[in-house]
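Sequence positions, counted from 1, serve as the residue numbers for this chain. Just so it is clear, the structure is predicted and the values come from calculations on it, not from any experiment.
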Amino acid sequence: DLEHEAVGIYISGHPYDDYRKYETACAACGIRDLEFWKSGENQPSFIGLLADYREKISKNRGEPFGIMTFEDADASVEAVCYSRQWPNVKPLLVKGEPYLVTGNLKNEGNISVMVDSLEPLSEIQPGRARAVKIEITDEGLPDEFYGEMVSELKKFPGNLTVLLDLRTQDERALLKIRSVKVSGEPSLAERISSLSGGRASLVN
C-alpha cells in the first residue's frame, strides 16, 4: 500500500476495515484478542492480512518452513507454518490479501501461532457462519446465570460454536463452550439479553 509505505500509517483507514465484518461469521476472534484466549486445547482462528512472509530451513531436518506476519487494524502476530504443511500453504500466499488462520498459541513473552490451517478469505463461502459470540459484562452476574444460559442455548440447537467474551473492569477472557452448538436465530439474542438483564449480548 503506497499510503503506508510513504508515511508509515494508514490515514484514510486500514485495509482490514473491509474485512472486519467477517470476523464473527468466520473466525473465533481478532488478532488483538489472541492474548485473551483461554480455551486451552481449543484452537483460536482469526482473519488477518498477510503483511510479510519468509522461508527458513529447519536445523534438525534441513527442511523449509514458513514464518508469516498477519495484521488487522489493531494488532499483528507472527505465525509459523511447519515443513509438512508449508509446501501446500506457500502457493496460497499473496501479500496484502486476507486469510482465515487457525492454529495453536505459543506465548514466550510474545504471542505467536503455530498454523494448523490457512484459507484465503476469497475461498470461504459467503455467509458460512462458524460461531456466535456472547459478550458478557460479568460484574454482578450471579453464578447461576451461566447454568441458565447453557440451558437456554440448548433450546436453539444448530451447528454454530458458542464463544464467551467475558469482561470485567480488570480482566478479559475468551472461552469456547464445548457442550453445545446453536443456531443463529434472532430470538436467541433476545433471550440471552433478557436472561442477563442486558449485561450479555449475542453477536453473530
Side-chain angles (χ1 to χ4, degrees), residues 16-17 19-48 70 72-75 77 79 100-117 119 121 124-204:
Y16 182 81
D17 292 339
Y19 307 104
R20 193 182 293 276
K21 60 186 177 183
Y22 295 102
E23 273 188 13
T24 303
C26 301
C29 62
I31 293 174
R32 62 198 175 279
D33 301 318
L34 290 172
E35 64 177 303
F36 304 109
W37 188 261
K38 304 295 184 184
S39 289
E41 73 275 13
N42 294 305
Q43 295 177 322
S45 58
F46 64 88
I47 292 171
F70 291 95
D72 59 22
D74 307 295
V77 68
L100 176 66
V101 183
T102 303
N104 296 309
L105 291 182
K106 188 174 182 179
N107 191 346
E108 295 182 345
N110 293 312
I111 295 289
S112 58
V113 177
M114 307 298 108
V115 175
D116 186 59
S117 67
E119 298 177 77
L121 196 61
I124 296 175
Q125 297 176 10
R128 190 184 71 179
R130 297 184 174 189
V132 296
K133 184 186 292 184
I134 300 175
E135 297 179 350
I136 299 176
T137 303
D138 193 40
E139 306 286 359
L141 279 174
D143 292 342
E144 56 265 24
F145 162 76
Y146 295 94
E148 294 171 357
M149 180 188 68
V150 171
S151 296
E152 197 65 38
L153 292 173
K154 289 180 178 178
K155 298 177 183 178
F156 296 84
N159 60 0
L160 302 181
T161 297
V162 180
L163 302 168
L164 297 185
D165 188 350
L166 300 173
R167 305 180 185 220
T168 67
Q169 185 174 356
D170 302 316
E171 296 181 326
R172 182 183 176 197
L174 284 168
L175 305 170
K176 176 182 176 181
I177 298 181
R178 300 174 63 182
S179 60
V180 62
K181 289 190 174 183
V182 301
S183 63
E185 296 180 32
S187 54
L188 174 57
E190 295 171 4
R191 291 294 304 132
I192 294 298
S193 179
S194 175
L195 190 64
S196 66
R199 283 172 288 180
S201 58
L202 186 144
V203 182
N204 59 11

**Asked** Pick one: which of Ile31, Leu34, Asn104 meets side-chain contact (heavy atoms from CB on, under 4.5 Å) with Val113?
**Response** Leu34
**Message:** Quick one, Ile47 and Asp72 - any side-chain contact, counting heavy atoms below 4.5 Å?
**Reply:** no
**Prompt:** Hey, what do you get for CG (Leu175) to OH (Tyr146), rounding to the nearest 0.5 Å?
**Reply:** 9.5 Å
**Message:** Quick check on side-chain contact (heavy atoms from CB on, under 4.5 Å): which of Glu148, Met149, Lys155 does Glu152 satisfy it with?
**Reply:** Lys155
**Asked** So, Ser151 side chain and Gly147 main chain: donor-acceptor pair closer than 3.5 Å or not?
**Response** yes
**Asked** Roughly how far, to the nearest 0.5 Å, is NZ of Lys133 from CG of Leu174?
**Response** 5.5 Å
**Message:** Determine whether Ile111 and Trp37 satisfy the following criterion, side-chain contact (heavy atoms from CB on, under 4.5 Å), listing intermediate values before the conclusion.
**Reply:** CA-CA 11 Å; Ile111 295 289; Trp37 188 261; over 6 Å; no
**Message:** Using only atom types and a distance under 3.5 Å, with no angle test, would you say the side chain of Ser45 pairs donor to acceptor with the backbone of Ala27?
**Reply:** no
**Inter-residue atom distance Cys29.SG - Glu35.CD, 0.5 Å rounding** = 10.5 Å
**Request:** Search all heavy atoms of Leu163 against all heavy atoms of Ala28 and return the closest pair with its distance.
**Result:** CD1-O, 3.2 Å
**Spatial distance of atom OG (Ser201) from atom CD1 (Ile136) [nearest 0.5 Å]** = 9.0 Å
**Fill in**
Correct closest heavy-atom pair for Phe46 and Gly30 would be CB-C, 4.3 Å
**Prompt:** Do NZ/NE/NH1/NH2 and the carboxylate oxygens of Glu108 and Lys106 come within less than 4.0 Å?
**Reply:** yes
**Asked** Between Ala173 and Lys38, what is the shortest heavy-atom contact and its length?
**Response** CB-CG, 3.6 Å
**Message:** Is it the case that the side chain of Ser194 and the backbone of Glu190 share a donor-acceptor pair, with hydrogens and angles ignored and the cut-off at 3.5 Å?
**Reply:** no
**Asked** Run the side-chain contact (heavy atoms from CB on, under 4.5 Å) check on Phe156 and Val132 step by step: do they pass?
**Response** CA-CA 12 Å; Phe156 296 84; Val132 296; over 6 Å; no
**Request:** Output, in order, the C-alpha distance, side-chain angles, deciding distance and verdict of side-chain contact (heavy atoms from CB on, under 4.5 Å) for Leu153 and Ile192.
**Result:** CA-CA 9 Å; Leu153 292 173; Ile192 294 298; 4.2 Å; yes
**Spatial distance of atom CD (Glu135) from atom CZ (Arg172) [nearest 0.5 Å]** = 7.5 Å
**Contact check, side chains of Ile177 and Ile134, non-hydrogen atoms, under 4.5 Å** = no
**Fill in**
In terms of heavy-atom contacts, Lys181 and Thr161 come closest through CE-OG1, 3.8 Å
**Item:** Minimum-distance pair of heavy atoms, taken over all atoms of Ser183 and Leu188
**Value:** O-CD2, 3.7 Å
